[in-house]
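These numbers come from a predicted model, not from an experiment. Here is how names work: the chains are called A, B, and so on, in the same order as the sequence lines, proteins then strands, and each is numbered from 1.
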Amino acid sequence: VSRHAFTVFVTGDGARGQRTVGLLRALCDRHLGDDYDLTIVDVLVDTTLAERFNVVATPTVIRTSPPPALRALGDLGDADRAATALGLGPPIGRPTDNGRRPAQDDDRDGR
Amino acid sequence: MTTASPEETQQVTRELDKLQTGIPGFDHVTMGGLPRGRATLVTGAAGSAKTVLAVQFLAEGIKRGQAGVFVTFEEAAEDVRRNMVSLGWDIAAWEKAGLWRFVDASPVTTDETVVGEYDLAALMARIGHAVDQTTAERVSLDSLSAVFAQFQDRVLVRQQIRALVTRLRRLGLTVLLTVESPEGHGGLSRFTVEEFVADNVVILRNTLEEEKRRRTVEVLKMRGTMHRKGEYPFTVLPGQGIVVIPLSVIELTQQSTDTRITSGNAELDAMCSGGFFRDSIVLASGATGTGKTLMVTEFMDGGVSRGERCLLFAFEESRDQMFRNARGWGRDFEAAERSGLLRLHAFYPEVSSLEDHLVAMKEAMDTFQPNRIAIDSLSALERIGTRKSFREFLIGLTSFVKEMQVAALLTATSSSLLGGSSITDGHISTLTDSIILLRYVEMYGEVRRGITVLKMRGSAHEKDIREFRIDGDGLHIGRPFRNVGGILAGRVVSVAGNEDDRLTAMFTEDRPLDGLS
């Protein structure tokens, strides 16, 4: 399994962006330990990346690896929904209720 | 004025600065273009050419050296690029030249889930960046409906779009936004974007009337500035895009002249007290075979033989047939075309819409710069459009002719052989300066032909109904019909008291036509 990588698009250094980054870190720590990369992009500074990923709203979190790409829109206020949206498995050291990892649609194509 | 509310009447004196869009006819309807530094909302149902208008707004700007930013929410940039090639717009080349920037905000194909709060600040940043890079003056956003579809939170989207428009206005940009309106919704969108985004609302319509497609544009409101009211037909042409047909272009200011020109027939000139006026529109109406095409032929020949440029539109017969007709009456139109004085356009009416024909005819007039124009016949065009669009066609056509200040001879075919008027007559008689009627006259067991000048604005003319005949030289006008009535109505009755009077009248020498020996 390739290492997880996420890109977070925020606007400026506002509270909402910082909160989102914080929540994402906590989420990743819980689900992936330290086995992930996190890139933070300020769309005011780097519009090119926003163009390339066609980001319209902020905050936007994109799971760039492993494929398929997944996107979550918003400040990730709901940790469980955020985990599902970003295709994160069960928290490390704790199985899901039915003892299996959540299903993933691997045939879905991402841009 | 757009509005009569008291707080706005003060602005009347200070007209807003407008940005000429360059879209043919559109600046006429908007009376100078879109208000500069403001947002204009374009609403319309699916397929009403909103995207074309949004692209053309930028394309025409680029022709004038103004860069543009195109924000696409619905189609991917690549699709817009490809779809617009047929309209003659090479967007890729403009992008290379730094005159056009896309902000592609079309829906992503990636799985996307909304988790918590967000805003559209990234969109604003991208648009702002694109504007900075190109120093754009024009921005198109197409279409807001797709933004509403993409982001469910309507309150948020409305608030964000309002903020975006405010920001673009502050940058001094002239903005065009499109939004889709459901059919039969009075042309307004379901998101009530109108209320908060735009001071200016333009409605595009594409309706089916009497089995004919009809596209129109209407300026619903334009705050603080003047615009023309009502629907104006438009067409979308390959290589050109939207062409709005400006009805009643002419503020009737131009001087009418007293200069007379020949109709190409000396006897008809005499009936008209010396010929047609140089800047008048003459309608010749009659049943099929009464000699309308011959009148047109003589009118063209009369111009060519005096060194005038003559433009002939034929809708009933092919070029070859028109040449053959002319030859039959002793006129060589092929030689006339070679000399450059005559140009003959033969169109099959059904090949395009009335709007397209009108645009093509205007182009022909603009290129050829004729001294006289003939159209044979208007009735052939009548059947391809609705009554309304035919009426608009005639208004548009006569305005173009008036604008050029040239003489035009138009023909109309009446539906019944004897007497009767054509539908065309009813539409056009008020738009013409002169009307000539050609009629079959059934008398004493034979069919003869009669001609009369029914009206001639600004001039005396003969009131008689004269008999005429047609031979290998053309049209020969003879004596007035005497002692009969009802010719125009197609029911000829003898009005002579007795056989004696009738015989006397028949052998009385009629006065010759004025000006003829």
Side-chain angles (χ1 to χ4, degrees), chain A residues 7-17 19-20 23-24 27 41-64 67-88 104-111, chain B residues 69-80 95 101-134 141-144 146-161 163-164 167:
Chain A
T7 305
V8 194
F9 290 87
V10 296
T11 306
D13 51 5
R16 183 185 281 164
R19 183 169 69 242
T20 309
L23 287 170
L24 180 64
L27 200 65
V41 177
D42 180 353
V43 295
L44 297 180
V45 177
D46 193 346
T47 26
T48 319
L49 264 185
E51 289 288 340
R52 191 191 306 158
F53 286 93
N54 198 353
V55 172
V56 173
T58 47
T60 290
V61 181
I62 303 177
R63 187 186 79 175
T64 51
L70 294 171
R71 294 166 79 116
L73 197 63
D75 61 6
L76 308 184
D78 182 331
D80 288 344
R81 290 194 58 217
T84 316
L86 293 172
L88 295 171
Q104 287 196 10
D105 288 337
D106 279 328
D107 51 1
R108 253 182 309 203
D109 235 21
R111 168 131 63 108
Chain B
V69 169
F70 194 90
V71 187
T72 175
F73 294 109
E74 203 154 7
E75 296 176 272
E78 185 44 45
D79 294 336
V80 178
E95 286 177 289
R101 271 292 299 269
F102 269 113
V103 172
D104 189 338
S106 59
V108 290
T109 51
T110 315
D111 245 22
E112 191 171 73
T113 318
V114 174
V115 185
E117 292 173 16
Y118 60 91
D119 58 36
L120 302 183
L123 175 66
M124 295 198 205
R126 286 168 65 190
I127 296 174
H129 185 66
V131 167
D132 282 350
Q133 281 199 323
T134 51
L141 294 96
D142 180 55
S143 81
L144 297 186
V147 189
F148 282 98
Q150 204 176 331
F151 303 100
Q152 302 300 318
D153 189 342
R154 289 197 178 173
V155 177
L156 173 90
V157 173
R158 286 170 60 146
Q159 181 250 319
Q160 293 286 301
I161 291 174
L164 174 62
R167 188 170 151 192

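Contact annotation: the side chain of F9(A) never approaches that of D42(A) to less than 4.5 Å [non-hydrogen atoms, C-beta and beyond].
Interface summary for chain B: among L23(A), D78(A), V55(A), T11(A), the most heavy-atom pairs under 4.5 angstrom belong to V55(A). Put simply, of A122(B), G116(B), A130(B), the one with the most heavy-atom pairs under 4.5 Å next to chain A is A122(B). Heavy-atom pairs under 4.5 Å with chain B were tallied for T48(A), V43(A), T47(A); the largest tally goes to T47(A). Contact count against chain A (heavy-atom pairs under 4.5 Å) is highest for V114(B) among V114(B), I127(B), V147(B).
Both the backbone and the side chain of T58(A) have a heavy atom closer than 4.5 Å to some heavy atom of chain B.
Applying the salt bridge (Lys or Arg N to Asp or Glu O under 4.0 Å) test to residues at least two apart or on different chains, the pairs with a partner in residues 114-124 of chain B are R16(A)-E117(B), R16(A)-D119(B).
Rounded to the nearest 0.5 angstrom, H129(B) NE2 and D46(A) CG are separated by 8.5 Å.
Just one residue in the list L141(B), V103(B), D142(B) forms a side chain to side chain contact (heavy atoms under 4.5 Å, CB included) with F70(B), and that residue is D142(B).
Contacts of F73(B) classified as ring pair (Phe, Tyr, Trp, His ring centres under 6.0 Å), with partners at least two apart in sequence or in another chain: none.
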